[in-house]
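Below, all heavy atoms of this structure are taken into account, side chains as well, without hydrogens, waters or symmetry copies. Predicted, not measured: the structure shown is a model, and the values here were computed from it.
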Amino acid sequence: MSDTSLNDLSDTKLDYSVYVRERDTVLVTWHTGRDVDFARGVARHRDMPDSKKFSVALAKAEHDQRTLLQPRAGVALLREHTKLLNDLSPYCDVLPTTVDAYTRHNRYEEAQQGIDRSRAAGKSLLNGFPPVNHGVSGCEQLVDSVSKPIQVRHGTPDARLMAEITLASGFSSFEGGGISYNIPYSKNVPLSRSIRHWQYCDRLVGLYEAEGVSINREPFGPLTGTLVPPFISHTVALLEGLLALRQGVRCITLGYGQAGNLAQDVAAMRSLRRLAHHYFALFGYGDYALSTVFHQWMGGFPENEAKAYSVIALGAAAAKFGGATKIIVKTPHEASGVPTMEANRAGLQATEQMINMVSDQGYLATNEIDQEVALIEREVHSVMARVIQLGQGNLARGVVLAFEAGVVDIPFAPATVNAGLMTPVRDNNGAIRIFDQGNIPLPDDVIALHRDKVAERATAEGRSASFSMVVDDVRAISASRLVGRPNPLPQSL
Amino acid sequence: MSDTSLNDLSDTKLDYSVYVRERDTVLVTWHTGRDVDFARGVARHRDMPDSKKFSVALAKAEHDQRTLLQPRAGVALLREHTKLLNDLSPYCDVLPTTVDAYTRHNRYEEAQQGIDRSRAAGKSLLNGFPPVNHGVSGCEQLVDSVSKPIQVRHGTPDARLMAEITLASGFSSFEGGGISYNIPYSKNVPLSRSIRHWQYCDRLVGLYEAEGVSINREPFGPLTGTLVPPFISHTVALLEGLLALRQGVRCITLGYGQAGNLAQDVAAMRSLRRLAHHYFALFGYGDYALSTVFHQWMGGFPENEAKAYSVIALGAAAAKFGGATKIIVKTPHEASGVPTMEANRAGLQATEQMINMVSDQGYLATNEIDQEVALIEREVHSVMARVIQLGQGNLARGVVLAFEAGVVDIPFAPATVNAGLMTPVRDNNGAIRIFDQGNIPLPDDVIALHRDKVAERATAEGRSASFSMVVDDVRAISASRLVGRPNPLPQSL
Amino acid sequence: MVGEADFRVILGVIGADCHAVGNKIIKSVLEPLGINVVNLGVMVSQDEFIDAAIETGADAILVSSIYGHGEIDCAGFRGRCIERGLPDILLYVGGNLVIGKVDFSDVENLFKTMGFDRVFPPSVDLHVVAALLKTDILQREGRRQEIIDYSDVRRAG
Amino acid sequence: MVGEADFRVILGVIGADCHAVGNKIIKSVLEPLGINVVNLGVMVSQDEFIDAAIETGADAILVSSIYGHGEIDCAGFRGRCIERGLPDILLYVGGNLVIGKVDFSDVENLFKTMGFDRVFPPSVDLHVVAALLKTDILQREGRRQEIIDYSDVRRAG
């Protein structure tokens with residue numbers, strides 16, 4: 001089933017017998033697959049205390065209107081990774097296990113070399129933890145050695161074996177989706193194939209749910225993290241949420257990556273929640289637990305650590321004003337690559353301080369936010385209507401056709417299946433607008449609004465909008481601005 | 001003239017002959033006074049490039065809607081202080097010279113010991129630069145060795161000699177005022193005396209103005225920096241502004257210290273500007289240059305540097321949303337006392353990043369801000385009306401009588417002339433409200449609003465409002481919150 | 001059980017320091033914990049502390065310094081106490097005692113060498129200070145040391 | 001004056017790295033500066049870089065790596081170029097090349113030892129890269145070095 005063509009792609013719940021047959025082919029793709037034992041996994045989850053369950057932590061945060069803190073972290077070796085998570089644990093609410101990039105592409109041989117060379121070098125040469133190579137027993141040891149819920153965070157188009165191993169070991173949340181872990185993370189993986197592989201993962205989560213074990217699923221919100229208009233990432237999040245629900249997933253966290261303009265970010269977080277309830281109900285689902293996650297700025301950071309702290313702080317404020325259930329935290333070392341434990345802790349502490357100070361304050365209500373919410377919702381409805389129409393009752397098929405047609409189009413994505421025709425740019429207030437809509441279907445007045453906003457900036461800067469303006473925007477935050485102005489008046493001389 | 005009684009206190013422009021006679025007594029209070037030469041000072045200012053003039057920097061920032069960055073910095077020895085300012089200069093727009101605490105109390109002997117012991121110790125044992133001891137030639141060397149405008153920042157009830165020396169040397173801005181540099185900075189100085197001494201300083205600035213040399217004057221906004229309701233510090237700023245205008249000052253920067261609640265802070269900055277124009281016009285002044293300054297959080301900081309950065313970032317955002325012309329920057333070492341150059345630079349860089357990111361965004365317009373603006377303005381009008389009434393045409397006298405009566409009352413002030421009856425406390429959103437009004441005259445409905453807001457918090461916390469709640473609030477930010485809740489739900493477990 | 005009046009301390013901010021906030025708060029926290037606080041406020045000289053201690057028969061002097069001149073202002077304080085006939089009085093000091101960010105252990109050593117019995121950073125929990133004060137006073141007075149109830153000591157400072 | 005086609009480079013992100021943003025931007029900046037960029041996109045193997053260089057007769061290979069595996073992915077690249085008959089091709093590498101915050105000078109030394117001609121941090125100004133590329137290509141080709149116009153190099157990166 002690893003070469004699903006569009007015609008084979010259904011969006012019905014995967015037949016159990018199909019799942020079981022496929023499972024046999026998945027578990028043999030690396031030798032550690034033979035140790036996966038679903039019944040043992042269910043028992044492990046049932047025996048775990050609530051304090052180690054993602055679904056419980058999220059439900060409690062939703063109820064208390066708190067925002068959970070989560071870092072990113074992963075190193076090659078089990079002992080070092082366990083230590084890293086335990087060192088971070090006092091400073092956060094839920095733990096990650098970030099997976100290395102070889103594993104994300106199912107290159108377990110190279111991941112093994114990375115493990116071996118890391119062992120020899122005495123430091124991690126991998127950018128994450130390779131859970132497939134460490135296998136069920138390694139992952140079980142990890143889960144048993146920490147005291148908080150752990151999520152698998154990766155970027156894997158075919159995460160079936162990883163899901164089997166990590167969920168059986170006691171991980172209680174699994175990030176990703178057939179769109180969000182393909183388009184921004186791979187080059188030549190057909191979308192129908194990654195969607196089908198994620199239907200498998202979601203079906204597996206559904207099997208745990210059927211046994212009374214709630215596993216949290218989190219579509220990856222920020223996508224390429226680069227000038228993604230909120231309606232684009234929202235559309236992807238909603239589609240992945242619907243595809244997951246269809247397979248039996250019940251605990252869903254939808255995500256969004258900081259754009260930088262406070263009003264747009266707050267509006268994005270508020271609209272995401274409303275839109276999810278709307279579409280989940282529209283497709284007949286009522287029995288689910290929804291939460292949201294805000295990712296601090298995913299683009300380039302200032303190299304200077306003091307400046308990086310302010311990017312982190314602005315994100316923390318937007319997350320809290322936007323009502324995020326969880327925030328994924330960046331670090332002051334962000335510009336220098338994979339951060340150390342100390343940098344991670346600093347990012348968590350800075351975020352905690354800002355979230356605490358903002359959570360003591362009132363609801364942020366502005367006309368600008370309300371207008372952004374209304375705009376995002378109209379945009380999402382317009383695109384979703386076309387995706388649904390293209391699918392003709394098969395949403396998975398609709399997604400593939402939508403990407404083929406450029407109806408959904410993610411800026412700066414590496415995947416060749418992504419049209420790459422839509423070009424975003426910031427407006428004069430730093431909100432992300434559309435400079436060229438490509439083939440994305442949007443109402444005329446919405447397009448006119450984007451055009452006017454971009455024209456307003458072009459006039460203010462005395463230049464016409466162009467791709468060079470977009471490039472300036474991509475670099476703006478790392479160059480200490482929000483908007484990539486030509487020769488900006490420096491704040492400091 | 002150093003023991004002005006209330007009956008001697010006038011608020012007319014100091015007669016020139018009175019000023020000149022007094023000057024002779026002032027200049028002999030320390031041997032460096034003999035080197036003061038007004039004509040030479042005027043010539044120095046005239047010869048300075050615009051890039052070293054505070055008034056020019058402020059006017060340009062007002063015009064461009066930029067926010068100037070300024071650190072605090074001062075060490076005992078001239079060479080080290082010059083180096084410190086030059087090291088900070090690339091990271092800020094205008095420079096400070098923070099004066100040591102002995103000089104603030106005219107204890108020049110002790111300041112000299114501090115200089116001598118610092119020289120022996122190879123490090124500064126003073127918490128600032130002692131300009132009187134270094135004299136005109138030392139201060140001239142300093143001004144000549146830096147490339148940006150320098151301001152004297154201190155806390156001196158009797159700053160007459162310091163003003164004569166520093167202004168003659170080329171400092172182009174002078175902080176303080178007869179109220180703001182007495183009540184929060186001394187114990188037993190009669191208010192009529194400090195006001196009279198600051199009339200002298202303002203008259204001196206007026207003499208420079210009369211020669212076409214604009215010297216910026218900045219009443220010290222934050223006062224005790226501890227739960228000061230905006231209308232209190234605004235009232236003091238307006239009174240000092242009016243007293244300064246009367247003596248011929250023309251370039252005025254009114255200040256405010258961050259309270260922590262974003263809406264209240266933005267409203268405070270916006271109302272400060274409006275109120276200043278209102279009262280300056282009411283008293284017949286039209287020919288002045290007004291600007292505003294925002295002080296980042298003046299209370300206790302978190303010891304953890306990462307957390308301190310978020311306090312700094314929140315202040316930077318409030319300053320920019322509030323339209324401040326200048327921001328006085330705190331540092332991540334704030335909890336540990338006088339900061340190093342590196343900490344100062346980090347505070348400036350973090351602030352610059354946030355201000356840049358916010359300045360690219362739209363105007364923050366919320367009903368909450370509008371309501372706070374309206375509230376602050378009503379409160380200020382109520383108190384100002386009583387002060388004016390008490391003065392019966394003599395505002396300086398009105399000020400003294402107002403403090404005696406507790407009509408103006410600054411929380412947590414060391415001065416015995418301050419009534420200390422008014423007790424502030426945070427409301428449930430972290431805004432500073434009045435728990436006990438003492439003798440401050442406010443409309444009944446305003447008092448009822450404060451009472452309701454405080455009651456709302458008390459109910460939310462399940463305890464009655466008390467001084468213990470106030471103590472909790474004073475410590476809240478250093479303990480990673482805004483509001484001092486009893487056993488707050490920790491954001492991180 | 002000892003009564004409230006058994007613990008009497010002189011409180012003040014030394015030198016030319018006018019930071020009044022912590023001073024007011026220290027008094028407001030210590031008094032309900034059974035410590036009789038004679039508060040001299042801000043800008044207090046060494047002799048003013050000692051005068052008040054002699055006059056009231058205090059067990060301890062609590063010196064605050066926030067503005068960084070503590071090293072200068074506190075020099076010779078113990079010697080002055082000895083000269084004035086209070087060789088054994090407890091001397092506590094706390095605040096931002098030196099200029100710049102210095103390791104607290106270095107600051108503590110410096111002030112202990114100068115004759116202070118206990119040295120605190122500005123973040124100290126005042127409930128801890130109160131508990132230590134009571135213990136130290138009882139020990140110095142040769143009384144059986146009470147069991148201190150640390151249950152209220154856990155509050156974040 | 002040399003024409004646009006005189007500078008031909010192969011661009012790609014090495015290994016299993018799928019960071020496409022910088023890749024698209026590098027191409028968009030270099031081409032208007034007169035450099036002919038053959039962009040292989042993300043997830044490019046050493047042999048794919050070399051195949052393209054042979055096929056197009058490129059002067060240089062520009063390797064990006066953002067995800068921290070650069071040290072592994074770039075091992076033996078120069079040796080492979082020599083084996084495949086491109087001993088002298090310019091090899092540039094840039095990005096977040098190692099895991100963790102390491103002094104850039106250490107990273108630069110490491111990759112120069114591995115046979116790379118120039119090593120860049122992620123914050124490098126691409127106008128500087130373009131200027132260096134042209135200089136290095138001209139020098140390697142033994143041509144008289146042009147006077148590089150650094151006037152557009154000052155733009156913040």
Engineer: Using the six-membered ring wherever Trp is involved, compare the ring planes of B:Tyr102 and C:His69 and label them parallel, tilted or perpendicular (cut-offs 30° and 60°).
Structural biologist: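 It falls in the tilted class, 30° to 60°.
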
Engineer: Considering only heavy atoms from C-beta outward, does the side chain of C:Asp17 approach that of B:His105 to under 4.5 Å?
Structural biologist: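 No; the side chains remain at least 4.5 Å from each other.
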
Engineer: How about residues 21-28 of chain C versus chain B: which residues have heavy atoms under 4.5 Å apart?
Structural biologist: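 Checking residues 21-28 of chain C against chain B gives C:Val21, C:Lys24, C:Ile25, C:Ser28.
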
Engineer: Heavy-atom distance under 4.5 Å to chain C: side chain of B:Ala413, backbone, both or neither?
Structural biologist: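 Contact with chain C is through the backbone of B:Ala413 alone.
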
Engineer: Kindly check if the number of other-residue, nucleotide or ligand heavy atoms within 6.0 Å of CD (B:Glu342) is above 12?
Structural biologist: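 Buried by this count: over 12 neighbours within 6.0 Å.
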
Engineer: Are B:Arg475 and C:Leu126 close enough, and set up right, to give a side chain to side chain contact (heavy atoms under 4.5 Å, CB included), and what steps lead you there?
Structural biologist: CA-CA 12 Å; B:Arg475 298 165 159 184; C:Leu126 295 172; 3.0 Å; yes

Engineer: Are any non-hydrogen side-chain atoms of B:Lys187 and C:Val44 less than 4.5 angstrom apart?
Structural biologist: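 Yes, side chains in contact.
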
Engineer: What part of B:Phe467 gets within 4.5 angstrom of chain C, counting heavy atoms only: side chain, backbone, both, or neither?
Structural biologist: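 Side chain only.
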
Engineer: Nearest heavy-atom pair of B:Arg117 and C:Ile72: which atoms, and what distance?
Structural biologist: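 For B:Arg117 versus C:Ile72, the nearest heavy atoms are NH1-CG2, 4.0 Å.
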
Engineer: Without swapping roles, check the side chain of B:Asn127 against the backbone of C:Gly68 for a donor-acceptor pair under 3.5 Å.
Structural biologist: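 Not confirmed, B:Asn127 side chain does not pair with C:Gly68 backbone.
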
Engineer: Would you say B:Glu303 has more than 12 foreign heavy atoms packed within less than 6.0 Å of its CD?
Structural biologist: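 No, not enclosed.
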
Engineer: Does any heavy atom of chain B fall under 4.5 Å from the side chain of C:Val102, the backbone, both, or neither of them?
Structural biologist: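 For C:Val102, no heavy atom lies under 4.5 Å from chain B.
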
Engineer: Report, as yes or no, whether the 6.0 Å neighbourhood of atom CZ on B:Arg79 holds more than 12 heavy atoms from other residues, nucleotides or ligands.
Structural biologist: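 Open.
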
Engineer: Between chain B and each of C:Pro122, C:Ala20, C:Ala16, C:Gly15, count heavy-atom pairs under 4.5 Å; write down the option with the most.
Structural biologist: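 That would be C:Ala16.
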
Engineer: Working to the nearest 0.5 Å, report the span between SG of C:Cys18 and OH of B:Tyr181.
Structural biologist: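 If we round to the nearest 0.5 Å, C:Cys18:SG and B:Tyr181:OH are 11.0 Å apart.
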
Engineer: Could you look at B:Pro184 and say if it's the side chain, the backbone, both or neither that has a heavy atom under 4.5 Å from chain C?
Structural biologist: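 For B:Pro184, the backbone is the part near chain C, not the side chain.
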
Engineer: Which atom pair, heavy atoms only, marks the closest approach of C:Met43 to B:Ser186?
Structural biologist: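 For C:Met43 and B:Ser186, the tightest heavy-atom pair comes out as SD-CA, 4.1 Å.
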
